[in-house]
Amino acid sequence: MTSRQPVLHTPRLTLEPLSLQHEAEHALASGSAADAARDTGAAEVQWREHGFGSWAIRDRHDASLLGVAELRFAGEGIEGIAPDEVEAGWWVTERRRNEGIATEAMRVALADVWSRTGTGLVTAYIAPGNPRSERVAAKLGFVVRGPGVGRSGEPMTVYELSRRA
Ligand SMILES: CC(C)(COP(=O)(O)OP(=O)(O)OC[C@H]1O[C@@H](n2cnc3c(N)ncnc32)[C@H](O)[C@@H]1OP(=O)(O)O)[C@@H](O)C(=O)NCCC(=O)NCCS
């Protein structure tokens, strides 16, 4: 990470470019050391190569890591999302869900993508039976693009959000 990389703020949250420096905190917050290693490593490459990427969400009050606002090029393997499309995702540590954190964090992360990149459209995919995530997508203004298939062959619904929305 270089000092020129952005930091975003909301009244409750600070967002920092996700990097390997967040691996231990990610593992604590997500409960998965494997996810933490995979996601922080991939995010660091995404930021370095493209100048935007996933954000570590931090509580401004106690500085704890609360989750990740994910943004990246989708890459190969998702039916319904092209490899060169930007894909969003979100997760929040279990004890802090339903406080509006995912929505608040993604709003500023998306505003940053619109303002700093030429991206005109962001996609997301949600597996069936995840009403909380569907609600976050709806609150952010995502609309259904259609059915898709995830990297492991799982059925899911593809969403998209246009810059104009
Ligand atoms: C999905 C997730 C990121 C949401 O984070 P969050 O910070 O709790 O999200 P928000 O508080 O901004 O919004 C959650 C919304 O879901 C609603 N909700 C909660 N439980 C629900 C349920 N069983 N059915 C329908 N809606 C529900 C909440 O009321 C809230 O909507 P509201 O603001 O209209 O009241 C979080 O639940 C999570 O990390 N889940 C596990 C990982 C995951 O599924 N990630 C998404 C993968 S696509």
Side-chain angles (χ1 to χ4, degrees), residues 1-10 12-99 101-110 112-113 116-117 119 122-130 132-134 136-137 140 148-159:
M1 296 287 107
T2 70
S3 57
R4 284 171 33 240
Q5 282 185 314
V7 174
L8 305 178
H9 296 287
T10 75
R12 293 187 296 172
L13 311 171
T14 299
L15 276 67
E16 302 162 359
L18 185 68
S19 76
L20 286 166
Q21 291 175 358
H22 297 104
E23 184 176 344
E25 288 177 287
H26 181 312
L28 258 182
S30 66
S32 169
D35 287 1
R38 180 198 63 207
D39 294 352
T40 55
E44 189 154 316
V45 173
Q46 164 75 38
W47 272 103
R48 189 168 57 238
E49 294 185 352
H50 304 291
F52 76 95
S54 294
W55 299 89
I57 308 168
R58 217 177 262 296
D59 188 330
R60 287 182 78 163
H61 178 64
D62 66 8
S64 62
L65 195 137
L66 299 177
V68 173
E70 298 170 345
L71 285 163
R72 62 197 155 223
F73 284 115
E76 301 288 343
I78 305 174
E79 207 173 292
I81 301 180
D84 62 350
E85 288 192 296
V86 176
E87 177 204 342
W90 37 79
W91 66 265
V92 168
T93 195
E94 204 164 342
R95 68 185 174 82
R96 296 295 304 272
R97 290 177 188 164
N98 296 321
E99 297 178 27
I101 290 169
T103 307
E104 185 173 320
M106 283 308 306
R107 280 207 177 107
V108 285
L110 288 163
D112 178 73
V113 161
R116 287 193 314 107
T117 76
T119 302
V122 171
T123 65
Y125 72 87
I126 302 177
N130 193 343
R132 294 174 176 88
S133 192
E134 288 169 3
V136 171
L140 291 169
V149 181
R151 288 191 180 83
S152 312
E154 73 280 19
M156 41 96 174
T157 303
V158 177
Y159 290 76

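Counting begins at 1 with the first residue of the sequence.
Here the NE2-CG distance, from His26 to Leu20, works out to 11.0 Å after rounding to the nearest 0.5 Å. Between Gln46 atom CD and Asp39 atom CG the span is 12.5 Å, to the nearest 0.5 Å. A distance of 11.5 Å separates CD of Glu23 from CG of Leu28, quoted to the nearest 0.5 Å. Rounding to the nearest 0.5 angstrom, the gap separating the CG atom in Leu65 from the CZ atom in Arg96 is 11.5 Å. Atom-to-atom distance recorded for His50:NE2 and Arg72:CZ is 12.5 Å, nearest 0.5 angstrom. Summarising the geometry, atom OG1 belonging to Thr14 is positioned 8.5 Å from atom CG belonging to Asp59; distances are rounded to the nearest 0.5 Å.
A heavy-atom distance below 4.5 Å is not found between the side chains of Val92 and Asn98. With contacts defined as side-chain heavy-atom distances shorter than 4.5 Å, the pair Trp90/Leu140 qualifies. Within the 4.5 Å cutoff, side-chain heavy atoms of Ile101 are placed close to those of Leu13. Within the 4.5 Å cutoff, the side chain of Met156 has heavy atoms near those of the Ile78 side chain. Put simply, the side chain of His22 does not reach to within 4.5 Å of the side chain of Ser54, judged on heavy atoms. Side-chain contact between Phe73 and Val86 is present, with at least one heavy-atom pair separated by less than 4.5 Å. Residues Asp112 and Trp55 have side chains in contact (heavy-atom distance under 4.5 Å, counting atoms from C-beta outward). Residues Glu99 and Arg12 meet the side-chain proximity criterion, which asks for heavy atoms closer than 4.5 Å.
Without hydrogens or angle criteria, Glu154 side chain to Ser152 main chain gives a donor-acceptor distance under 3.5 Å.
Thr93 and Ala29 make their closest contact through OG1-O, 2.8 Å (heavy atoms, listed as atom of the first residue, atom of the second, distance). The shortest non-hydrogen separation linking Ala109 to Leu71 is O-CD1, 3.7 Å. Pro155 approaches Pro128 most closely through the heavy-atom pair O-CD, 3.2 Å. A pairwise comparison of heavy atoms in Ala36 and Ala27 identifies CB-N, 3.5 Å as the closest pair. Counting all heavy atoms, side chain and backbone alike, Tyr125 lies closest to Gly150 at CE1-CA, 4.5 Å. When all heavy atoms of Gly129 and Glu134 are compared, the closest pair comes out as N-OE2, 4.5 Å.
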Determine, step by step, whether Arg60 and Glu104 satisfy the salt bridge (charged side-chain N to carboxylate O under 4.0 Å, His left out) criterion, reporting the C-alpha distance in whole Å, the side-chain angles of both residues, the deciding distance to 0.1 Å, and the verdict.
CA-CA 13 Å; Arg60 287 182 78 163; Glu104 185 173 320; over 6 Å; no

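Other residues, nucleotides and ligands contribute at most 12 non-hydrogen atoms within 6.0 Å of the CD atom of Glu76.
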